[in-house]
Structure formats: C-alpha cells, structure tokens
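This report concerns only the one structure given below.
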2 protein chains.
Amino acid sequence: MAIRRGITIHDVARRAGVSTTTVSHALNEKGTISERTRERVKSVAADLGYQADALARGLRSSRMGVIGLVLRPLDALGSYAPSGVDYFLRFAGAAAGRALDLGLGLMQVGDLTKRPITPLAFSLDGYIVMDPMDDDPVIGLLQKYEMPFVTLGRDVRRPEANNWVASDDRRSVRTSLSHLHERGARSIAFVAGVDGNSWNRDGEEVYLGWCAEHGVAPRLLHIPESDGEAGGRRAARQLLEEGLPDGVHCMTGRHAAGLQAELREHGVTTPEHLLLVAGSDAEPSRAGTPPITGFDLNPERLAQATVNLLDATIRGEAPPARTLLGSRFIVRASTGGERGA
Amino acid sequence: MAIRRGITIHDVARRAGVSTTTVSHALNEKGTISERTRERVKSVAADLGYQADALARGLRSSRMGVIGLVLRPLDALGSYAPSGVDYFLRFAGAAAGRALDLGLGLMQVGDLTKRPITPLAFSLDGYIVMDPMDDDPVIGLLQKYEMPFVTLGRDVRRPEANNWVASDDRRSVRTSLSHLHERGARSIAFVAGVDGNSWNRDGEEVYLGWCAEHGVAPRLLHIPESDGEAGGRRAARQLLEEGLPDGVHCMTGRHAAGLQAELREHGVTTPEHLLLVAGSDAEPSRAGTPPITGFDLNPERLAQATVNLLDATIRGEAPPARTLLGSRFIVRASTGGERGA
DNA sequence: CGCCGCACATAAAACGTTTTACCTCTGTAG
DNA sequence: CTACAGAGGTAAAACGTTTTATGTGCGGCG
C-alpha cells in the first residue's frame, strides 16, 4: 500500500547529527540529554514534519491511542448496521466523537471471540462493551488478556464490578408502568427480548415486582431482538389469541412497532383499545400509527460518560464508578398524547 | 499495558518443529511448502490459538484492516460530538457497521492536518472524507501520501473526481422550493452555511437559478454552521428588520429551529405567516413548534454506499463511480403538514 | 595519581512479523 | 557421472521504534 510516509527517526537523527536513541529520548522526554541538544533535535524533527510511526511504536508496547467498541446486541443480531435501530448508531457515533475530543481514536469491532477478528483488536488500549450478555465470553477474553474495559449496562454476572455506565432502566420501566396505570390500563403485558443482559433482566424484574405489588397476574412474553417487527407481530397474535390486555410495554421499539401494526390490522387500535409504550425509542416506533410513547435513552450522554470512564481507567486515574443516567420519557399518541387520556 | 498476548509465530514454529518462515508461509499461502507441512502448521497454529500481531505485520506494510473516517464539518465545528446534529452520528455509526460486515474496522479520526493526530492515522488502509471543503488540505494530504480515499459529497475543486457518493442535494433544494411555491410562498429566503463544500455550494446555486427562473429577487443569507440555533435566530432578526419573506429554506436543521423559535417570539408563526423547510432533518427541527418540514438524507444508505466504494477502491477492484442518492422529503406542520395548505 | 561519579551520548537488542536470498536434497536429462 | 532443475525448507535482513546496557570524557575528592 505505498504508504511511504518517508521521514523516519533515522532521517531526523542524521540531519541533527545524533543517534536515533538521542532523537527518541529528546522527543519523549526520557533519558539524560542536554537541553541544547534536546531543543535542536526537536526543531529538526518539526522541520522535517517527523511523526513517529504508530505501528513501530506500538510494537514496543506502548499506548496505541485507540479504543475499541463492541456492540454485543449487534453481534447477536448478526448485522452491524440493522435498519430501524438508531440507538446503537447514535451511541457509536457519539462515543467516537467524545474519544476524538480526548485525542483518542475509536474503532468499532465485531465479536472478539469469533474469527475473523479485526487484526488490530488486541493491540488497542481498552474497550467499551455495550450490553454484555450473561457470562459474556468477550468480557472473559478481555479479563484474560488484562485489557482495560468498561461496560455500558451492568454485567449481570459481576455484581461487584464498578466499571460501568448505564441508563436507569429500572426507573424507566416503573415510570412506564405507572403511566399506563394512571391512564387506565389495568391488565398490562410485557414484551422483553431474549438477550441475557441487564436491560432485559432488570426490566422483567421490575415488571414482575410491580405486578406482585398491584396484585395482578403478570403476562411476560419473550421475543428475540433479531426478529424485529415480525417478532412484535407474533407477540400481537399471541395476545389476540389468549385475550387482549389493555396496556403493553415492549422493551424494544421495533417489537412495539410490529405489535401495533399487527393489532391494527385486526381492528385493535392504540390508544383507543390498548395503551402502548416502547422501552427504547426508535425510528419505527416514532413513525408508528399513531406514534408510540417511549424512552429516549440519550445515547449521546451515555457515550460521553462511558468514554470518559474508560479514558480514566486506561490512564490509571480510574476513580472506578457506577454511573446511572436517567432516560427521557416521551409521551406520544399511543398512550393518549401529551395531556390527559 | 500488559497486553502480553503470549503466543507468537515463534511458539508455533517451535511446537511444529519448523522455522518461522515456514509458519508464515503456511498461514499466508505463500512460498513453496508441502501440503502436509502446511496442514500440520495450520493445525498447530489453530491449537495454540495463534493470531498474528497486527502491529508487527503492519510494520512490514501490508493491509491493516482498518479504514479512517474524517468528518470535515465537525472539524470546522470544533466539537466532534455536537448536540442536536444526528446526521453525522448516524453516518459514522452506520459506516462502522457496514465496514464491520466487510471485515474491516472503522476509525473516526480528527483533522489530519492539525496536531495531534491519532498516531495510527497514516497506517490505515484508506479514508472516507465527509463533505470536503473547498481545496481541502486533508484531501491534499491523502493524495500526497497516495492513500486511497473516497468522499461523501463532491469535492467542488475536483470536478473530474469519480470517487464519491453524495445525496442529491440539488434535487432536494428544487423539491423544497417547488413545495414552498406550491403552498403559496412567493418571496422565498435562503439560509446557507459558510463551509465551502458542495452541500452549501449546490444549494445556493440551485436557489439562485430558481429565483432567476421565476423572476424573483434572491435573498441569500450566510450563517456559520457552528452558530447553530443562535445563528438561526440572528437570521430571523435580520429578516424581521429587512422585511419578512413568506417562505424560508434553511440548509441546516439547527438554523431552521433557531429561526423558527425567534420568529415565534416576535409573533410570527409557521405555517400561518411563513412556510419553513430544513434542508437537513435534525432533532431540533423535528422537535420544533410546530415540527419542521425537512429532508432525511438517509445517512445509513449513504454510509453503506460509501464504505462499499472505498472497499472496492482499496482492493483495486474499483469501478470508480459517482453515486447520487435521493433524500426523503418529510412534510411536517411548518409547511402545512401532510395534506393541503 | 587513581578512582569515583556524573553528564551526556550511543550501540545494540528487542518487539513479531514478512520477505529475500540462499541452502540441501532428490530425481532426471544429457 | 555430471549438471541442472525443481521441491521443500531455512537463515537472516528488514520494517521503525523504544529501551537497556555500555561507553566516553571531565571534574573533584582522597
């Protein structure tokens, strides 16, 4: 790949009349060399537009200036650019932006436990793992190689971990259930995904608790995230068969959109016959008929916090932390809209 | 960084009882070695979980498996994670996803002509440059180093270039102006940004042409992209002072949102007193009072096409191409909504 | 004078690959 | 019997750094 950037440390050394060792030391503020020489070397280096080759430097194991991002739910999904799911894209984009502001590159990589892996994968400075699954092998790998990492969403199997940032999903689900109840729903069904991460686990747990508390029988459905709208439709048919609730909370926006569409085709409309909330806002749920009430998880804010935490961890200044950030509840027509039922 | 991945090519060589050369050849399908040895080496390598170190390999100048993404408008903006602009985030996220599907990593990097640069910057396999500016130094740099690249948006100074993908902005602006005209606007102002890219240039050109064609005096305002909503408000005050038009097209969503808010505070509402269109849909414009008509540039689709083109270019299979993709026009309340004026 | 320590600088090893040039067989043609 | 051509393999150089170990020369102290 004819990259031929030319100028190496040798060129600088020759031009400055010193050894390469001296150049390296001068530029990295190491070793013992006179101030005069150091300055001279620096100016020569600047003149020549010298910049150390990252690969060669990395070979001697220093910092690479790049962090990795693994989006576990997308690994499970099979496609890294799913349509109708903007949460991950926004998170990834925002994380890259924040990283850049900190002088770091960010690289999105696939499942580290499956070949082929991006070759650079194990040379990165640290990792963000989004929504790790139950006993996630990727986490195991990172621990084995002693690589710094941070998760977005709690790792359900490591309750003692304190290197995570998460949206306050328990609170969101409570908010949703209260909202549904307040607007008249008495029998509320809950559609969760199947990935074993805290997002699903916490949601279910809060739902079951809420049902117990209110003395109602829970109706908990599990639909694979990867089934998208089709999965939502399946859930709808199941509900139609077994008897309709008057409120539904779907953890994912695509399930919600599919469910709404299927019900509608059977003459069941929202919010008239049934109130509907999506746990995560997405294009298909916003564009539903009518638009579906949901939570904006604010991926930009989450990304910022996550990258900051990883950066601190890498430089060893890690005040390890567990950060919970609230989501924004957006009431739309599927639960009666802004004001009143 | 205690990465200590352990297993090197030497381990494999020792275990297989051959030289490192043989291992390298066996795994890379080079050299002349017997099928038997090749298989044995491969199986040993697999047993040991050997994976070649990307840095060491890159040092010998082969392919890195990573492409770079430069978002020029964000360089100009100063922040890589601006609030209220989701176009870039969505593009970046989707591009990373597509790259991953092709087995490539994607790294977002900052302005290549300004220090400090991510160290890896010049070792990447190729680049996507988004919305290059007029005589963009980043393009110059990439050309100088003979690095493969592709732009999103035409490079206005290189009309002969055929390595780009772009949204059909000329058509979008024409659509917008026709729409405004059709719904009754007779004096239409145009608010563009100041970045010297095809996005702004083409928009202005079409606007001026349209005015000439319809025999109306153009009113062209320039507001820095980085001023965001505040810039839109400034434009609004200028219009109030100099006399209100009955239609406005703002190239950016944030300008549109600011303009709308400011006008509203002066008793001028959309769509009653003035019809408003945003050239690029964004959170602030969608959330306007009322929601603002605009174009979804479909960054996901653009990203897909751009990454595909770069990938082909890198592997030399480049059927160099100029790809124009249409945007989706979304009519909202700021121009009277879905049906009729 | 002899030795130590200090300030400054450098040679050479190391990092883990790929690649180039060379070696040693074995069989075959002359 | 010699020469030559593969086939199969290896030693060593190269990539561009950083780091470790090793010199120098000089001033000061005993």
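Note on naming: letters A, B, ... go to the chains in the order of the sequence lines (proteins, then strands), and numbering restarts at 1 for each one.
- Closest contact between the side chain of Ser19(B) and the listed nucleotides dG8(D), dT17(C), dT10(D) involves dT10(D).
- OP1 or OP2 of dT19(C) sits under 4.0 Å from a side-chain N or O of Lys30(B).
- Using modelled atom types, one side-chain atom of Asn163(B) and one backbone atom of Phe149(B) make a donor-acceptor pair closer than 3.5 Å.
- Side-chain nitrogen and oxygen atoms of Thr22(B) include at least one within less than 4.0 Å of the OP1 or OP2 phosphate oxygen of dT10(D).
- When the side-chain nitrogen and oxygen atoms of Thr8(B) are compared with OP1 and OP2 of dG16(C), none of them lie within a distance under 4.0 Å.
- An OP1 or OP2 oxygen of dT17(D) is reached within less than 4.0 angstrom by no side-chain nitrogen or oxygen of Ser24(A).
- When the P atom of dT19(D) is taken as reference, atom CG of Leu27(A) falls 13 Å away, rounded to whole Å.
- To the nearest 0.5 Å, the span separating CD1 on Ile139(B) from CE on Met147(B) amounts to 12.0 Å.
- One interatomic measurement links the two molecules: CD of Glu35(B) to C1' of dG9(D), which rounds to 15 Å at whole-angstrom precision.
- Phosphate proximity of dG9(D) to Thr37(B): present, with a side-chain N or O under 4.0 Å from OP1 or OP2.
- Here the P atom of nucleotide dC6(C) and the CD1 atom of Ile33(A) are 19 Å apart, to the nearest Å.
- Nucleotide dT17(C) holds its C1' atom 18 Å from the CZ atom of Phe122(A), rounded to whole Å.
- Atom CG in Leu55(A) sits about 14 Å away from atom C1' in dT18(C), given to the nearest Å.
- Atom CZ of residue Arg301(B) and atom CG of residue Leu325(B) lie 4.5 Å apart, to the nearest 0.5 angstrom.
- Atom-to-atom, CZ of Arg57(B) to C1' of dT19(C) comes out at 13 Å; the value is rounded to the nearest Å.
- A donor-acceptor pair under 3.5 Å is formed between the side chain of Asp53(A) and the backbone N or O of Leu55(A).
- Rounded to whole Å, atom P of dT17(D) lies 6 Å from atom CG of Asp53(A).
- Nearest nucleotide to the His10(A) side chain, out of dT18(D), dT17(D), dT10(C): dT17(D).
- Here the nucleotide nearest the side chain of Thr32(B), chosen from dT18(D), dA11(D), dG9(D), is dG9(D).
- For the pair His25(B) NE2 and dA21(C) P, the interatomic distance rounds to 12 Å; values are reported in whole Å.
- Using a 4.0 Å cut-off between charged side-chain N and carboxylate O, Arg157(A) and Asp136(A) make no salt bridge.
- Not a single donor-acceptor contact under 3.5 angstrom links the side-chain atoms of Ser34(A) to the base of dA7(C).
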